[in-house]
Enquirer: 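Just dropping this structure here.
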Number of protein chains: 2
Amino acid sequence: MKKKLSIVDIANALNVSKTTISFILNGRAQEKRISGDLVEKVMKYVAEVGYKPNSLAKSLRTGKSNTIGLMVEDISNPFFASIARLIEDRAYKNGYKIIYCSTDNDTQKTQDLINMFRDRHVDGYIMAPPEGIEEDIESLINDGMPVVLFDRHLPGVKTDFIEVDNLFSTFNATKHLLDQGFKNIAFVTFKSHQTQMVDRIRGYQDAMKSNGLKPTIIKEIVFNQDEEQIMAPLRDFFKGNPDVDAILFGTNHIGTCGLKIMQELGKKAPTDIAIISFDDYDVFKLHSPPVTAIAQPVEEIADNVITVLLEKLNNLSVSEKPQSIILKTDLKIRNSSVKIG
Amino acid sequence: MKKKLSIVDIANALNVSKTTISFILNGRAQEKRISGDLVEKVMKYVAEVGYKPNSLAKSLRTGKSNTIGLMVEDISNPFFASIARLIEDRAYKNGYKIIYCSTDNDTQKTQDLINMFRDRHVDGYIMAPPEGIEEDIESLINDGMPVVLFDRHLPGVKTDFIEVDNLFSTFNATKHLLDQGFKNIAFVTFKSHQTQMVDRIRGYQDAMKSNGLKPTIIKEIVFNQDEEQIMAPLRDFFKGNPDVDAILFGTNHIGTCGLKIMQELGKKAPTDIAIISFDDYDVFKLHSPPVTAIAQPVEEIADNVITVLLEKLNNLSVSEKPQSIILKTDLKIRNSSVKIG
DNA sequence: TATATCCAGTTAATCGATTTACCATCAAAA
DNA sequence: TTTTGATGGTAAATCGATTAACTGGATATA
């Protein structure tokens with residue numbers, strides 16, 4: 001177990017002060033008038049022995065950790081997993097590491113995680129915030145930490161966020177169902193007061209009303225890690241509402257559970273019930289017949305998130321007006337929502 | 001922006017030396033004979049002002065970072081995402097944070113990532129290693145770092161690993177197809193010399209041979225982030241082999257791509273071609289008809305991985321014999337592989 | 001009486017960097 | 001001759017913890 005080299009070892013080996021080594025390694029040689037000869041000698045030796053500065057020590061001194069904290073609802077959800085993946089790539093390319101975790105939409109857990117991130121001196125935060133976390137986020141912002149929210153935002157909190165046009169997306173999807181001749185359209189989703197969910201429900205309601213229909217069939221299910229806790233109420237809903245002819249699901253997860261229940265009950269889409277789900281992914285594409293879905297622009301979201309955060313990390317432009325970026329979704333119309341007969 | 005409190009601030013406020021504070025906070029008060037009165041006073045004050053030790057400074061001094069580096073092939077793949085999720089949960093419960101990244105099975109990228117992890121002083125490594133990384137892993141182990149591999153292992157390298165019985169799994173799946181009366185069975189997978197893939201191919205070959213058939217229809221596709229790079233050769237394969245009546249796919253990703261191609265070409269499973277894929281997930285469960293799949297015990301894998309790593313982190317039992325844990329898979333038989341007619 | 005042991009802590013070194021403040025030397029300018 | 005300025009660096013403080021070694025006084029033992 002060879003001991004790791006420190007800057008002192010380098011300094012001693014070359015008979016130079018560690019200050020000089022530090023300046024050279026940080027590209028401040030010119031500014032500090034270190035001779036080209038010495039710079040070359042040091043660089044060569046450093047490369048030769050493979051010396052790398054200890055980043056803990058560096059972080060302790062400078063206060064920067066080159067780490068970004070990423071908090072999503074659930075990293076095993078394909079929507080969040082693919083965004084995490086894209087963010088990871090861009091972050092690494094820019095010299096940042098990612099520490100991530102899943103909040104489970106649990107306020108207490110999220111608070112603990114924020115404390116942990118804080119404690120670890122992450123340089124910036126990216127999060128899909130749960131409810132009730134406003135104060136903690138504000139406190140972060142007051143302490144000068146860059147925070148970028150995505151997928152949803154916190155109404156009172158002044159910070160940048162990236163999300164999609166949820167209201168229009170479900171409005172448009174509901175319209176699509178109405179245009180196909182469906183009337184008893186239900187909206188099934190997770191129970192939540194988060195902005196994205198409120199907007200999705202509103203979109204559904206607005207579309208129904210604009211067609212003179214009552215948007216009354218709304219089923220909200222409590223978020224739970226254990227899938228059976230979601231399946232049970234969903235099953236009840238299907239059994240209790242036999243006259244529903246179309247369902248709009250609020251997220252990919254609940255949409256997938258819905259498909260499972262339909263499989264269980266032997267119901268076919270779209271002949272028995274037409275289906276549209278928020279968040280497109282392979283399950284919907286490959287379902288036969290394929291399921292119409294509201295596709296979020298995952299790459300664009302990830303790109304915008306990391307771009308905004310990097311801007312904040314680089315400019316120290318503290319108090320520019322926060323950006324709100326609203327992206328468009330794409331209603332992928334597949335034949336499952338065509339009314340037959 | 002309130003300044004963060006340091007141990008010195010606490011010491012000054014209470015007129016006590018910082019050493020004493022440190023001992024108390026680290027539960028060494030008894031051992032160091034600090035009076036109960038003082039302990040109480042310090043604890044109370046610390047709780048009151050919400051002081052938290054700076055973990056960077058702590059890590060710098062102690063050499064421990066309470067961080068685990070997790071490297072998977074691709075965090076957006078459901079198999080790895082769910083394992084990551086489970087590991088994350090257990091790690092946090094035990095006071096460890098996770099830094100993760102995707103290797104893309106790229107040796108160079110993985111080397112860079114290992115260096116980064118090393119640089120960040122992670123306390124332990126969990127990885128699904130790509131090819132050609134043997135030396136780097138050995139160097140980690142020589143430096144006394146705990147390393148646990150999963151999903152595959154590196155034959156020459158002496159370290160713990162957790163994986164499934166790949167050979168039996170594909171043997172069994174192939175047998176199942178043979179029992180159904182299929183004869184022209186193909187094995188389609190990613191090109192790889194990794195142990196899990198070698199075993200999976202062997203399982204297929206052994207089963208075919210044991211039935212007196214030639215296991216010649218093997219298609220290996222180069223791993224690529226860009227899905228179309230996978231789809232194209234796969235499409236060619238389907239078109240070029242019209243007499244294949246069943247396919248065993250080596251991973252969920254390639255299985256999913258296979259389903260997409262079949263959808264494209266209007267081929268139905270199992271009437272046109274029977275399908276079995278390694279790695280079970282929603283896409284296979286919900287496909288109609290559902291796809292038979294080899295389910296890996298994701299929770300068990302994650303559990304074993306983190307348990308073994310935590311053992312290594314706690315015991316400093318340096319040189320016990322490394323454990324090789326081989327778990328069983330479960331062939332989820334669904335009707336798509338029933339030969340009809 | 002001299003020495004050892006127990007208290008209840010404290011001093012100072014240390015981890016490995018960054019950064020502020022300073023110091024010789026020499027040439028040119030006043 | 002003294003002052004100024006550039007050149008090419010270095011010494012020491014600092015970030016915020018942990019930890020080995022020590023201290024001064026009271027009590028117990030030889």
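For clarity, every value in this text was computed on a predicted model and none was experimentally measured. Below, read A as the first sequence line, B as the second, and so on, with proteins coming before strands; counting in each chain starts at 1. As a basis for the values below, the full set of heavy atoms in this structure was taken, side chains included, without hydrogen atoms, waters or symmetry mates.
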Enquirer: Less than 6.0 angstrom separating the ring centers of A:Y100 and B:Y100, yes or no?
Expert: yes

Enquirer: Determine the contact category for B:T20: base if any of its heavy atoms lies under 4.0 Å from a base atom, sugar-phosphate if only primed atoms, P, OP1 or OP2 are that close, otherwise nothing.
Expert: base

Enquirer: Please work out if B:T62 contacts a base, only the sugar-phosphate, or nothing of the nucleic acid, heavy-atom cut-off 4.0 Å.
Expert: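 Here B:T62 touches the backbone only, sparing every base.
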
Enquirer: What contact category does A:V16 fall into here, base, sugar-phosphate, or nothing, at under 4.0 angstrom with non-hydrogen atoms?
Expert: sugar-phosphate

Enquirer: Of all nucleotides in DNA chain C that come within under 4.0 Å of a heavy atom of chain B, which is furthest toward the 5' end and which toward the 3' end?
Expert: C:dC7 to C:dG16

Enquirer: For the side chain of B:F23, starting at C-beta, report the closest nucleotide among D:dT19, D:dT10, D:dA17.
Expert: D:dT19

Enquirer: Given the structure, check if the side chain of A:T19 and the base of D:dA12 hold any donor-acceptor pair shorter than 3.5 Å.
Expert: yes

Enquirer: Regarding B:L38, tell me which of base, sugar-phosphate or nothing describes its non-hydrogen contacts under 4.0 Å with the strands shown.
Expert: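 Counting heavy atoms under 4.0 Å across all strands, the contact made by B:L38 is with sugar-phosphate only.
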
Enquirer: Need one value for B:S35: base, sugar-phosphate or nothing, where a base atom within 4.0 Å counts as base even if backbone is also close, heavy atoms only.
Expert: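 Counting heavy atoms under 4.0 Å across all strands, the contact made by B:S35 is with sugar-phosphate only.
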
Enquirer: From CD of A:Q30 over to C1' of D:dG9, roughly how many Å is that when rounded to an integer?
Expert: 15 Å

Enquirer: Would you call B:K4-A:D143 a salt bridge at under 4.0 Å N-O?
Expert: no

Enquirer: I'd like to know if B:S55 reaches the base of D:dA17 with its side chain such that a donor and an acceptor end up less than 3.5 angstrom apart.
Expert: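 By the distance-only test, no, there is no pair.
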
Enquirer: Return the value, rounded to whole Å, for the distance between atom CG of A:L60 and atom C1' of D:dT18.
Expert: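 Rounded to the whole Å, the gap is 13 Å.
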
